[in-house]
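Just so it is clear, the structure is predicted and the values come from calculations on it, not from any experiment. The figures here come from the full heavy-atom set of this structure, side chains too, leaving out hydrogens, waters and symmetry mates.
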Amino acid sequence: MADMLALFTSIGLSEQKAKETLKNEALSSALKDAVTQAQRVRGASGVDKTMGTLLYNMASRLKDTKRLTFLSDNIAQCKICTELQLAAALDFVKSHPQEPINQKAFEEACGVGVVITPEQIEDAVETVIKKHKEQLLNERYRFNMGLLMGEARTALKWADGKVIKNEVDMQVLHLLGPKTEADLEKKPKPQKAKVAENEAKVKKDEVAMNGEVMTGEGKSLMEQLRGEALKFHKPGENYKTEGYVITPNTMDLLKKHLEITGGQIRTRFPPEPNGILHIGHAKAINFNFGYAKANNGICFLRYDDTNPEKEEEKYFTAIKDMVEWLGYKPYAVTHASDNFQQLYDLAVDLVRRGHAYVCHQKGEELKGHNAPASPWRDRPVEESLVLFDRMKKGVFAEGEATLRMKMVMEDGKMDPVAYRIKYTPHHRTGDEWCIYPTYDYTHCLCDSIENITHSLCTKEFQARRSSYFWLCNALDVYCPVQWEYGRLNLTYTVVSKRKIIKLVETGVVRDWDDPRLFTLTALRRRGFPPEAINNFCARVGVTVSQTTTEPHLLESCVRDVLNDSAPRVMAVLEPLKVTITNLPENSKSDVRVPDFPANEAKGSHVVPFTRTIFIEQSDFREVMEKGYKRLTPEQPVGLRHAGYIISVQKVIKVRCFKVQSDQIFLHIPSSRLFYLTMQLFLHKHPEDPAEVPSGFLSDINPHSMQTISSALVDISVKEAKVFDKFQFERVGYFSLDPDSTADKFVFNRTVTLKEDPGKI
């Protein structure tokens with residue numbers, strides 16, 4: 001340690017900086033190798049502080065340590081002398097991962113041997129100042145001098161920046177003379193032009209699918225995903241990604257990949273068809289399909305159908321329906337099973353290459369870096385080939401043999417299983433196969449087969465990234481790049497397939513689309529518009545860190561959309577019958593009610609007005625109380641839209657007369673309503689033992705579903721179709737449930753009109 005400290009201080013590092021460097025094992029090892037190599041070239045005392053700084057910066061920024069000796073030599077030989085040249089050198093080696101490096105091309109790219117004379121700098125600065133002379137004379141020292149610097153540096157890429165700045169300062173002084181008092185005054189801030197309010201606000205009716213327009217603050221999803229926003233690699237430049245493994249065939253494989261894709265971005269959404277998609281999947285759908293759409297690429301919907309025991313046709317259909325419901329159209333719908341034969345052939349090749357073996361150890365996982373290796377790990381290749389063929393032919397019982405890959409994953413999982421035996425017919429291939437590939441084996445190879453450019457997945461798959469690269473390279477096939485992003489989680493719910501199945505089996509909920517759940521089918525049934533879900537994903541943003549969000553943020557996005565799209569109708573939940581005594585028995589007239597009172601041009605509907613009407617029970621009190629502004633024996637009120645007011649004559653009967661001035665209005669509903677409310681769990685984190693020691697099933701809200709069978713709604717909804725959405729005035733937003741019949745309308749409350757600060 002003392003020797004390395006002395007070595008680092010000998011190249012100009014302060015003792016404190018040297019000690020900090022020693023705390024970083026990887027950096028200190030790389031710097032030691034770099035300095036040692038430079039000393040071989042220049043001698044033990046030939047590395048001065050300037051060269052030492054370049055060596056330190058190179059060692060701390062270089063990702064591919066195979067290039068360390070090459071770069072150290074070029075620094076020691078004074079070919080790389082400036083930070084500008086070092087940055088170019090690092091870019092060059094990153095862009096040229098294959099051996100050997102073309103020294104001539106390298107030196108040209110790094111400006112080696114390029115000499116910029118003072119005369120060249122003087123001429124370049126003079127040219128730039130002439131270009132901007134008029135503006136300079138007008139604005140004097142308020143002119144942006146950085147613009148002059150930038151243009152001069154562009155003209156003389158390898159010139160010393162300090163020398164350019166000095167020349168700019170001198171020539172500007174010569175042109176303008178010394179600064180005056182006026183020059184020293186602060187530049188007034190330009191006043192922002194006042195934009196007309198109707199132009200400044202995003203029009204509510206422009207809320208678009210797929211996050212193009214947001215109702216909240218921040219960038220739209222497309223803006224977050226477009227171009228360089230995410231710092232992802234460009235198609236064909238996979239090797240520039242940190243951790244990407246480069247083999248002798250990498251560049252040829254990338255070249256063939258580009259010939260197939262034409263440089264187009266390709267993503268995929270790869271769900272397992274053993275459950276229904278939930279709100280977390282909405283982010284994955286928006287990210288995968290959205291990234292492709294934002295960059296003129298394509299996205300595949302690929303079913304990861306490698307576990308026939310748990311897969312059902314209803315899940316395949318529901319997944320595709322939900323993707324399309326959110327507004328996305330897959331470029332193609334594919335299945336992992338499309339590639340079963342090719343995957344098997346690649347597995348045989350993996351065994352031939354010595355990277356896989358047939359194992360008879362029970363259980364799929366060999367965990368821990370110190371765990372003993374499988375006793376079959378070193379069995380001969382030919383023996384494993386014979387045994388793998390016997391697995392395929394059904395000679396072994398389930399669990400009696402597996403095919404394992406010879407590798408250790410980041411999480412300590414040793415030799416993960418590539419194939420296991422399952423005597424279960426597959427929904428697409430029937431009894432053709434009795435061995436099925438695992439996720440760890442299938443995923444990256446299907447990505448490779450489909451020439452995916454960006455394999456986007458949630459953060460928990462980060463531990464599989466090295467195995468992803470390893471398997472593609474072990475088989476010498478095109479290797480995509482895996483990128484991870486943070487999962488989206490919601491409080492007051494569970495989204496685990498296993499737990500939702502438990503809720504269904506125990507009768508807590510009716511099915512996967514029970515409107516109290518946060519599956520996408522449940523949210524659709526509850527009445528959530530797809531664009532609101534997409535806007536929510538955009539508002540949450542594309543983050544690497546895991547996000548846990550409360551449901552009210554999602555509900556806010558829902559209100560934003562429904563406020564502009566859901567027509568208003570009248571409803572009462574607890575009806576109170578009112579008979580108007582001064583109207584004839586057979587009296588009937590039509591009242592026209594606007595669908596959107598704030599914009600009557602958007603349409604209207606007709607409600608019949610008869611002698612008998614219904615109001616909310618809470619809208620009438622027999623005893624007047626201070627602050628109560630609804631119907632009482634002493635206080636008349638108006639009927640909304642009808643143009644009449646009513647007053648109490650008897651507790652049961654009222655009389656009616658024409659409105660003379662503005663009044664408080666009640667509703668005139670008719671027809672039946674079946675009303676539901678949802679709030680499934682009592683605690684924020686029902687799966688957390690610290691919050692709910694007895695488990696999530698003990699945390700069910702007993703009032704999570706409230707049925708109101710006596711409610712009434714405006715007759716205009718009689719033509720409504722399933723999933724049609726309405727704002728029941730003063731009550732909330734509602735959606736027509738699929739259980740509705742011609743005789744009984746069933747409505748689910750989507751959200752309340754405003755966020756209730758007291759509600760979960």
Side-chain angles (χ1 to χ4, degrees), residues 209-210 267-290 299-338 424-428 439 446 457-458 487-490 493-505 507-534 536-537 554 558 678 680 721-725 735-740 746 748 750:
M209 301 290 277
N210 310 332
T267 61
R268 81 291 168 272
F269 175 57
E272 297 175 79
N274 57 9
I276 299 295
L277 303 182
H278 55 71
I279 187 64
H281 289 112
K283 180 177 179 179
I285 291 169
N286 272 279
F287 198 5
N288 280 283
F289 282 92
C299 183
F300 294 81
L301 169 59
R302 183 205 307 147
Y303 294 109
D304 181 18
D305 57 341
T306 57
N307 192 353
E309 292 174 328
K310 298 181 180 179
E311 293 158 4
E312 295 182 39
E313 185 59 37
K314 69 176 182 179
Y315 298 137
F316 287 86
T317 303
I319 287 170
K320 185 171 183 288
D321 285 349
M322 289 300 97
V323 168
E324 293 178 346
W325 178 63
L326 288 178
Y328 293 105
K329 183 171 177 57
Y331 171 75
V333 177
T334 61
H335 302 73
S337 57
D338 296 338
T424 304
H426 191 274
H427 73 287
R428 297 184 75 236
Y439 175 90
C446 283
C457 56
T458 48
R487 283 186 62 172
L488 170 61
N489 298 309
L490 277 185
T493 190
V494 297
V495 294
S496 154
K497 295 172 186 174
R498 181 177 58 83
K499 289 176 180 173
I500 291 177
I501 289 172
K502 200 74 176 172
L503 289 169
V504 174
E505 288 176 346
V508 173
V509 298
R510 289 175 294 177
D511 208 337
W512 290 80
D513 66 346
D514 188 296
R516 291 168 292 178
L517 295 174
F518 279 84
T519 60
L520 293 183
T521 51
L523 294 178
R524 178 176 64 175
R525 185 170 189 170
R526 184 169 159 182
F528 281 36
E531 54 267 49
I533 294 173
N534 293 340
F536 171 66
C537 292
L554 173 57
V558 171
M678 290 73 67
L680 190 55
K721 301 179 181 64
V722 170
F723 300 135
D724 278 357
K725 299 159 186 61
S735 178
L736 189 64
D737 189 86
D739 284 347
S740 298
V746 180
N748 294 312
T750 307

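Interatomic distance, K329 NZ to L301 CG, rounded to the nearest 0.5 Å: 11.0 Å. Between the CD1 atom in I279 and the CG atom in L520 there is a gap of 6.0 Å [rounded to 0.5 Å]. Considering NE2 of H281 and SG of C537, their distance stands at 12.0 Å, rounded to 0.5 Å. From K725, atom NZ reaches atom OG1 of T750 across 7.0 Å, with rounding to the nearest 0.5 Å. Atom CD1 of I285 is separated from atom SG of C299 by 9.5 Å, given to the nearest 0.5 angstrom. Between atom CZ of residue F269 and atom CG of residue D304 there is a gap of 11.0 Å, rounded to the nearest 0.5 Å.
K283 has its side chain out of reach of N286: every pair of non-hydrogen atoms, C-beta onward, lies at least 4.5 Å apart. Looking at heavy atoms from C-beta onward, Y328 lies out of side-chain contact with P330 at the 4.5 angstrom threshold. In this structure, the side chains of E311 and Y303 stay at 4.5 Å or more apart for every pair of heavy atoms.
The nearest pair of heavy atoms linking I319 to P273 is CD1-CA, 3.9 Å. For the pair M322 and L277, the tightest heavy-atom approach, listed with the atom from each and the gap, is CB-CD1, 4.1 Å. When all heavy atoms are compared, the tightest approach of I533 to F528 is CD1-CB, 4.3 Å. Residue W512 comes nearest to I501 through the heavy atom pair CZ2-CG1, 3.5 Å, listed as atom of the first residue, atom of the second, then distance. Of all the heavy atoms in L517 and L523, the pair that sits closest is O-CD2, 4.0 Å.
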**Asked** Run the side-chain hydrogen bond (donor to acceptor under 3.5 Å, both in side chains) check on N288 and T267 step by step: do they pass?
**Response** CA-CA 6 Å; N288 280 283; T267 61; 4.6 Å; no
**Request:** In sequence, state the C-alpha distance, the side-chain angles, and the governing distance for I276 and Y315, and then conclude on side-chain contact (heavy atoms from CB on, under 4.5 Å).
**Result:** CA-CA 6 Å; I276 299 295; Y315 298 137; 3.8 Å; yes
**Request:** Give the intermediate values and the outcome of side-chain contact (heavy atoms from CB on, under 4.5 Å) for residues F287 and L488.
**Result:** CA-CA 12 Å; F287 198 5; L488 170 61; over 6 Å; no
**Request:** Take L680 and V508, measure what side-chain contact (heavy atoms from CB on, under 4.5 Å) needs, and give me the verdict at the end.
**Result:** CA-CA 9 Å; L680 190 55; V508 173; 4.0 Å; yes
**Request:** Would you sort out whether Y439 and E272 count as a side-chain contact (heavy atoms from CB on, under 4.5 Å), showing the intermediate values?
**Result:** CA-CA 10 Å; Y439 175 90; E272 297 175 79; 5.9 Å; no
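Between F518 and H278, the distance from one ring center to the other does not fall under 6.0 angstrom.
A side-chain donor-acceptor contact under 3.5 Å links S740 to the backbone of V746.
At most 12 heavy atoms of other shown residues, nucleotides or ligands fall within 6.0 angstrom of atom OH in Y331. Counting non-hydrogen atoms of other residues, nucleotides and ligands closer than 6.0 Å to NZ of K497 gives a total above 12.
Take E309 and apply the side-chain contact (heavy atoms from CB on, under 4.5 Å) test, not counting sequence neighbours, and it matches N307, E398, K422, T424. For R525, the salt bridge (Lys or Arg N to Asp or Glu O under 4.0 Å) criterion is met by D513, D737, D739, not counting sequence neighbours. Applying the side-chain contact (heavy atoms from CB on, under 4.5 Å) criterion to D724, with sequence neighbours excluded, gives A720, K721, F726. K320 is linked by a salt bridge (Lys or Arg N to Asp or Glu O under 4.0 Å) to E324, counting only residues two or more places apart in sequence or in another chain. Under the side-chain contact (heavy atoms from CB on, under 4.5 Å) criterion, T458 pairs with E460, F461, Y485, R487, not counting sequence neighbours. P425 pairs by the side-chain contact (heavy atoms from CB on, under 4.5 Å) definition with D431, not counting sequence neighbours.
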